[in-house]
Amino acid sequence: MSEIECQVSAITPLTESVFKVVLRPKAHVEFKAGQYILVHMGKDDKRPFSIASPAYDHEQIELHIGADKANTYAFEVLEKMRHEGIIKISGGHGDAFLRNTHKDIILIAGGTGFSYTHSILQQFLHEQHDNQIHLYWGGKTQSDLYMSNKMKQLATLHPHFTYVPVIEDGDNNWTGHTGYVHHAVMKDFADMSQCHVYIAGRFEMAKAARDDFKQHQLNERDLFGDAFAFI
């Protein structure tokens with residue numbers, strides 16, 4: 001897959017440690033909703049990041065990068081983008097892209113895994129499918145769900161879309177789901193046999209979800225996530 005140079009158009013903070021990056025590729029980048037790019041830091045150093053923008057948008061590539069000095073893997077990429085203004089990438093990569101299906105779709109995101117589900121959600125809504133799509137987004141606190149208000153607004157505009165925020169540490173003002181995000185899915189879906197499930201987040205979460213969803217009749221062929229290539 002060829003290397004494509006991109007201009008770094010904007011870097012905007014979404015939280016103290018999560019940044020929205022907009023890249024303007026100098027050539028067309030072909031990808032499917034749910035795929036990722038590799039940022040080329042060096043000849044043998046290529047780092048994956050989920051594409052947050054939909055596949056129908058050919059003008060730009062949006063990334064959500066969680067980066068602080070403790071996470072040098074992503075922090076170094078962000079610093080290179082800031083200082084040089086140009087980055088080289090390749091993509092799209094990955095097999096966990098959006099499939100055509102009559103089944104309902106469940107998107108599950110942990111933290112910045114939201115970027116993966118954001119691409120799929122936008123593509124789905126753009127294509128105006130008749131089946132239902134549900135987004136479950138989990139974080140430690142409400143502030144980790146950095147685009148929660150936008151998701152709530154989208155859910156009011158699209159009758160086929162349901163948004164469920166989940167936080168691990170809820171206070172007395174929180175009335176939604178608490179705990180692990182995939183546990184919230186299991187509370188709402190006793191039978192998942194008629195669902196496609198897309199998941200992004202920590203490998204531990206993806207593995208636990210895969211194991212637990214078997215008890216809810218999910219066919220493993222209907223479970224998609226880049227993590228499953230490694231676990």
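Predicted model, so just to flag it, every value in this text is computed and none were measured.
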Closest heavy-atom pair and its distance - [X], [Y]:
X: Ser119; Y: Gly34; value: OG-N, 3.5 Å
X: Gly66; Y: Ala74; value: O-CB, 3.4 Å
X: Gln194; Y: His102; value: OE1-NE2, 4.4 Å
X: Pro159; Y: Gln132; value: O-OE1, 3.4 Å
X: Pro165; Y: Leu145; value: CB-CD1, 3.6 Å
X: Gln123; Y: Ala55; value: OE1-N, 2.9 Å

Those residues at least two apart in sequence (or on a different chain) that pass side chain to side chain donor-acceptor pair (under 3.5 Å) with Asp57 are none
Please enumerate all residues that pass side chain to side chain donor-acceptor pair (under 3.5 Å) together with Tyr146, with sequence neighbours excluded. His64
Straight-line distance of [X] [atom1] to [Y] [atom2], nearest 0.5 Å:
X: His160; Y: Ile105; atom1: NE2; atom2: CD1; result: 12.0 Å
X: Gln60; Y: Gln7; atom1: CD; atom2: CD; result: 11.5 Å
X: Lys88; Y: Cys6; atom1: NZ; atom2: SG; result: 11.0 Å
X: Asp144; Y: Thr141; atom1: CG; atom2: OG1; result: 4.0 Å
X: Met147; Y: Phe114; atom1: CE; atom2: CZ; result: 4.5 Å
X: Gln153; Y: Thr156; atom1: CD; atom2: OG1; result: 7.0 Å

How would you list, by chain and number, every residue that makes a ring-ring contact (aromatic ring centres under 6.0 Å, His included) with [X], sequence neighbours excluded?
X: Phe97; result: none
X: His28; result: His58
X: His129; result: Phe124
X: His126; result: Tyr56

Would you call the rings of Tyr163 and Phe161 parallel, tilted or perpendicular, where under 30° means parallel and over 60° means perpendicular? tilted
Return the orientation label for the His182 and Tyr180 ring planes: parallel under 30°, perpendicular over 60°, tilted otherwise. parallel
Given side chains that start at C-beta, do those of [X] and [Y] come closer than 4.5 Å, heavy atoms only?
X: Gln142; Y: Ser148; answer: no
X: Leu154; Y: Met151; answer: yes
X: His177; Y: Asp188; answer: yes

Would Leu125 and Leu157 count as a side-chain contact (heavy atoms from CB on, under 4.5 Å) if you check the C-alpha gap in whole Å, the side-chain angles of each, and the deciding distance to 0.1 Å? CA-CA 10 Å; Leu125 296 178; Leu157 295 174; over 6 Å; no
Return yes if some donor-acceptor pair links the side-chain N/O of Tyr116 with the main-chain N/O of Asp226 below 3.5 Å, else return no. no
Is the backbone of His118 close enough, under 3.5 Å, to the side chain of Gln122 for a donor and an acceptor to pair up by distance? yes
Worked check of salt bridge (Lys or Arg N to Asp or Glu O under 4.0 Å) between Glu204 and Lys207: CA-CA 5 Å; Glu204 297 88 346; Lys207 182 181 184 303; over 6 Å; no
List in chain and number order the residues that pass side-chain contact (heavy atoms from CB on, under 4.5 Å) with Glu168, two or more places apart in sequence or in another chain; answer none if no residue qualifies. Lys140
Contacts of type side-chain contact (heavy atoms from CB on, under 4.5 Å), residue Ser17, not counting sequence neighbours: Thr15, Asp68
Selection residues 91-109 - residue pairs positive for salt bridge (charged side-chain N to carboxylate O under 4.0 Å, His left out), sequence neighbours left out: Lys103-Asp222
Side-chain heavy atoms under 4.5 Å apart, restricted to Ile/Leu/Val/Met/Phe/Trp/Tyr: what other residues fall into the cluster of Val77, or is it alone? Ile4, Val8, Ile11, Phe19, Val21, Leu23, Val29, Phe31, Ile37, Val39, Met41, Phe49, Ile51, Ile61, Leu63, Ile65, Leu78, Met81, Ile87, Ile89
For Phe203, what are the other residues in its hydrophobic cluster, where any two members join if their side-chain heavy atoms are less than 4.5 angstrom apart? Ile106, Ile108, Tyr136, Val164, Val166, Val181, Val185, Met186, Phe189, Met192, Val197, Ile199, Met205, Phe213, Leu218, Leu223, Phe228, Phe230, Ile231
Pairs in or reaching into residues 44-53: which pass side-chain hydrogen bond (donor to acceptor under 3.5 Å, both in side chains), with residues at least two apart or in two chains? Asp45-Arg47, Arg47-Glu76
